[in-house]
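Data block below; observations after.
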Amino acid sequence: MNLTIKPGREKSLLRRHPWVFASAIQPFDSPIASGSTVDLLAPNGSFLARASYSPISQIRARVWTFIDEPIDKEFFRRKIKAAIEVRRRLQVEGRSDSYRLIHSESDNLPGFVVDQYKDVLVLQSTTAGSEFWKDSIADILVEETGIQNIYERSDVDVRELEGLKPITGILRGAISSLQSPITNYEYGLKFRVDLEHGHKTGFYLDQRENRHRVGELAKDRDVLNCFCYTGGFSIHALANGAKSVLSVDSSADALALLEENIAINSLPADKHTSLEGDVFQLLRKFRDENRSFDMIILDPPKFAPTAAHAEKASRAYKDINLLAFKLLRHGGILATFSCSGGVDAALFQKIVASAALDAGTEATIIEHLSQAGDHPVSLHFPEGAYLKGLICVKG
Ligand code: SAH
C-alpha cells in the first residue's frame, strides 16, 4: 500500500525524522491493517520511506527504513544485531548486568524497548507496528542473544493512543512464572528489581552512570534523596561513605525494596532513613523546620511527557528546585534531573537558574548529565534525548 505525503510535509522525512502525522498524509480510500507496512511517497511519486501504519494514533506512520528494502524478519534481525553491537562497544557489561538493548526510534526500531536483566529480557511494545512484529522480534531476540526468557511489560499508557490494551506476562521461556524480584548489579552494588510490577521495566537503567557519579560526590555528606524509588542514588551514596541519607518516595513498595537493597549490600542501616510521603509537601515541612542538608537529589517522574505540558511542568520543577536550594547548606550539592521530553535541556537549566534566583542563592553548574549510552539518541530523532541533569554547587 502506498501513502502519498502532502506537498511540503515531506521535509521531516527528508531529514530522516521517523514520524509522519495524520495531517501530513493525502486522503486515501482503502483501509490499511493496523501495524502493516506502507510505502511513503513524495508528492511526485518518488519513494521516501517504508513505515508501519497506525490507524488510530496521530502519529499515523513510523518509519522502519529510508531505503527501498523488504521489511521482513531478516530486516529486523539486522537492526537487532546492530543494537547488540552498540552495547558491546559500550562495554556496559563491566559496570552492570542490566542495560537497555533496544531503545525504540534511536535504534531504528520504533515502538520497541527491550531491557536485559542478566538472563531475562523485558520487552515493551508501544505501537501498532511493534505489535505487528512482536512475535518475530521475540524469536530473533532469543536467537541472537541466547537468552531464553522474555517477559512482556506492555502496560504503558501510550498504548491507548494506538488503540492497544495493556499486556503483561511471559512472552518466551520455559519458566512457568518469573522469579521476580531478581537481583542485578551496578558498579559492584546489588539491587532487587521487580520486573513484573516495578516502574518502567523494573529499574531506571537510564540513571546508572549518574547514580555512580553522584554517589562519588556524597562522601561525608548529609544526603536527601527525593523521589528515591528503590534507592538507586541512596545505595550509591551510602556505599561511598555518606554521613547520612534520607530517602523520600510516595511508593511503599519501592521503599520496601530500598530497605532490602540496604541489607543485601551490607550497608549501615543506622545511617539511613526511609520516608513515605509527597516530596512537594515534605520539602516545605523541612523548610519550616529549618532542616538542612549537604546534598539533595531531585529525580522526579516525568512532569511533561510532551511540550504541551511544559508550562505546568516548569512550575513543578521550579518549586522543588527552589525549596532544595533553600534546604542546602553553603557548599552543598544539588543533583537535579528532568526526564520530561517536553522540557529540553536549555529550558531545564533556565528553570533551575530562576529557582536559585528566587531562593536568593548563588549556584554554579559543575556537571551536565544525561541518559546512559545504552539509551542512545539518534541525531535524526532529537526527542530521544529526554533525560538531563545538572550538578550544582550552592555558593
Ligand atoms: N531516582 C530513582 C528513580 C526515580 S523515579 C532511581 O534512580 O531509581 C520517580 C519516583 O518518584 C518514583 O519512585 C515515584 O514513586 C516517585 N514519586 C512520584 N511522585 C511523587 C511525589 N509527589 N512524592 C514522592 N515521590 C513521588
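For ligands, and for the atoms within them, numbers begin at 1 and follow the listed sequence. Only this structure's heavy atoms are used, side chains among them; waters, hydrogens and symmetry mates stay out.
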Notebook entry, point to check: Do Arg50 and Asp68 sit within salt-bridge range, that is, some charged N less than 4.0 Å from a carboxylate O?
Noted result: yes

Notebook entry, point to check: Looking at Lys134, Arg172, Gln124, which one forms a side chain to side chain donor-acceptor pair (under 3.5 Å) with Glu152?
Noted result: Lys134

Notebook entry, point to check: Would you say the side chain of Gln349 lies within less than 4.5 Å of the side chain of Ile365, judging by non-hydrogen atoms?
Noted result: yes

Notebook entry, point to check: What does the list of residues with a heavy atom under 4.0 Å from ligand 1 look like, ordered by chain and number?
Noted result: His199, Tyr204, Arg211, Phe227, Cys228, Tyr229, Phe233, Asp249, Ser250, Ser251, Gly277, Asp278, Val279, Phe280, Asp299, Pro301

Note to self: Quick check on side chain to side chain donor-acceptor pair (under 3.5 Å): which of Arg87, Glu186, Glu93 does Tyr99 satisfy it with?
What the structure shows: Glu93

Next item on the list: Name all pairs fulfilling the salt bridge (Lys or Arg N to Asp or Glu O under 4.0 Å) condition that reach into residues 323-346, sequence neighbours left out, sorted by first residue then second.
Entry: Asp222-Arg329, Asp294-Arg329

Check: Taking everything shown except Leu14 itself, do over 12 heavy atoms lie less than 6.0 Å from its CG?
Finding: yes

